[in-house]
Protein chains: 2
Amino acid sequence: MENMFQGEEYLPLRDVVFKTLRKGILTGELKPGERLMEIHLANKLGVSRTPIREAIRKLELEGLVTMIPRRGAEVAQITRKSMQDVLEVRKVLDSLSVELACRRISEEEKEQLGLACEEFEQAVESGDFSAIARADVAFHDIIVEATGNMRLAQMVNNLAEQMYRYRFEYIKDVKMHGKLVQEHRQIYQGILEGDMEKAKRAIDLHIDNQEKSILEQIGMEKEKQA
Amino acid sequence: MENMFQGEEYLPLRDVVFKTLRKGILTGELKPGERLMEIHLANKLGVSRTPIREAIRKLELEGLVTMIPRRGAEVAQITRKSMQDVLEVRKVLDSLSVELACRRISEEEKEQLGLACEEFEQAVESGDFSAIARADVAFHDIIVEATGNMRLAQMVNNLAEQMYRYRFEYIKDVKMHGKLVQEHRQIYQGILEGDMEKAKRAIDLHIDNQEKSILEQIGMEKEKQA
DNA sequence: ATATTGCTTATTGTATACAAAATACATAGA
DNA sequence: TCTATGTATTTTGTATACAATAAGCAATAT
């Protein structure tokens, strides 16, 4: 007999720790350059060093922490350069996502996307920044899922993750809200109609705007590579 | 005073194990579906379970092993679908790599790339499959390095890695050798001349050919998604 | 014959113990 | 005062010990 009570999902401690630390890094609670000391974290989270270490190994591969041999882990620095690198890749992968979504999205997903689009608009109208962020993630999640390419989805999510620390500032910029809604609509319509070019143009614009905002926040000597 | 003898680089056991296991998986020594049991591996490699576990955590995030809760790790299955997913992403990232390399490659790297191109031709003439594989990796490594985008480099390498198990069969296909050399030359010339379109066309063709070969090897019902 | 139960074993998940290296700091000497 | 050195402390790297779950198997009941 199957387990009828599947409410209580089992998660190894390492995964709990992994998620906890990741969230801490992304929200800025753990600051760039801050050392992640095992015993300290173990005490704080009430577990032993083992799950802490295993979680750090994963964060390492995700690029969220930097390892220094025999010195341990620290929260990865975000530089203008590293952010540009991320954005450079994100642009083509987001473009690919939209293209594939146009070709492969199911009717059901189209509906979901429409709902997500509306929810985003409502969130924007409400002015609740946290709700806007959530709705934005949900919208983009549906698109990458609709590509049917789980590896792509994972990679895009990982890249998007790198930008979360800045995104909040971006969302706070109220005068951009209209633009945001407009872009989402364009993307949605493009995908709905299977108009790949329209959807791609919209997502490109979307990322470009985020790039401007993020780079503005970071440091901003103007260094252009032709 | 700095350490003048930096020959002996320190590598934590977890990284040694990581590389060992990865190589084992990529060469096919560890077969898809095979379980990775910690004590067994620990004995075999002469270390304790701890570094084994940490290595597995990294392999997990790289997609080379699959975790089953409370049952441990096994070598990830390669399906036609998973390989198509990888190739789908690789195409755009390789294209991006070549584009960026065209714009940013240094004179020194141009020379290196020329040498690597020649070495590849020599390897092909020699007929030494292993040497061909190495020279191929070296050639492509220079290109991704020349992008100046380390995150992109890492992602491309990870994707390329997924195809190593099949690449050997591909290289064994002697009648393709001429084509391979030709493609490499085109890529090299395109980058040298800063002719982005030429270089991109060449790399696209390059990956397409690999795709054909790999998909041929795997299973081969023809399923096309328009 | 099939299903169920209980036991044994194998294996993972977690905690702890020990060793080695890096760091910080104080102290002695120039 | 500044430098160098030795020592104590912290922290990582690795190994082992213990606990809990899952898998295999035999014996029993239906």
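Quick caveat: nothing in here was measured; it's all calculated off a predicted structure. Order of the sequence lines fixes the chain letters, A, B, ..., with proteins taken first and strands second; residue numbering starts at 1 for each chain.
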ask   = Mind checking what makes salt bridge (charged side-chain N to carboxylate O under 4.0 Å, His left out) contact with A:Asp204, not counting sequence neighbours?
value = none
message = Considering only residues two or more places apart or on different chains, which pairs with a residue in residues 39-52 of chain A satisfy salt bridge (Lys or Arg N to Asp or Glu O under 4.0 Å)?
response = A:Glu38-A:Arg49
task = Write out all pairs satisfying side-chain hydrogen bond (donor to acceptor under 3.5 Å, both in side chains) with one or both partners inside residues 136-147 of chain B, taking only residues at least two apart or from two chains.
result = B:Asp136-B:His140, B:Asp136-B:His184, B:His140-B:His206
Presence of salt bridge, B:Arg103 and B:Glu99, under 4.0 angstrom = yes
ask   = Which residues satisfy the side-chain hydrogen bond (donor to acceptor under 3.5 Å, both in side chains) test with A:Arg134, sequence neighbours excluded?
value = A:Ser130
remark   = To the nearest 0.5 Å, atom CD1 of B:Ile142 lies from atom CD1 of B:Ile105 at 8.0 Å
inquiry  = Less than 3.5 Å apart, any donor N or O on the side chain of A:Gln210 or A:Ser213 sitting next to an acceptor on the other?
reply    = no
For chain B, the stretch of DNA chain C it reaches, first to last nucleotide, under 4.0 Å of its heavy atoms = C:dT11 to C:dT14
note = salt bridge (charged side-chain N to carboxylate O under 4.0 Å, His left out) filter on B:Lys110, not counting sequence neighbours, yields B:Glu107
task = Pull out every residue in residues 13-25 of chain B that has a heavy atom closer than 4.0 Å to any atom of DNA chain D, ordered by number, or say none.
result = B:Leu13, B:Arg14
message = Which residues in residues 64-71 of chain B have a heavy atom closer than 4.0 Å to any atom of DNA chain C?
response = B:Arg70, B:Arg71
request  = In sequence, state the C-alpha distance, the side-chain angles, and the governing distance for A:Arg57 and A:Glu60, and then conclude on salt bridge (charged side-chain N to carboxylate O under 4.0 Å, His left out).
outcome  = CA-CA 5 Å; A:Arg57 294 292 87 76; A:Glu60 183 189 349; 3.1 Å; yes
request  = Could you pull out all residues at least two apart from B:Asp173 that satisfy side-chain hydrogen bond (donor to acceptor under 3.5 Å, both in side chains)?
outcome  = B:Lys175
request  = Within residues 41-62 of chain B, find the residues that approach DNA chain C with a heavy atom at under 4.0 Å, and present them sorted by residue number.
outcome  = B:Arg49, B:Arg53
ask   = D:dT10 P sits how many Å from A:Ile39 CD1, rounded?
value = 9 Å
Mind listing the side-chain donor-acceptor pairs of residues 14-24 of chain B below 3.5 Å, one per line with the distance, residues two or more places apart or on another chain?
from    : atom 1 : to       : atom 2 : distance (Å)
B:Asp15 : OD1    : B:Lys58  : NZ     : 2.9
B:Thr20 : OG1    : B:Val16  : O      : 2.7
B:Arg22 : NH1    : B:Glu161 : OE2    : 3.1

remark   = For residues 28-75 of chain A, the ring-ring contact (aromatic ring centres under 6.0 Å, His included) pairs (sequence neighbours left out) are none
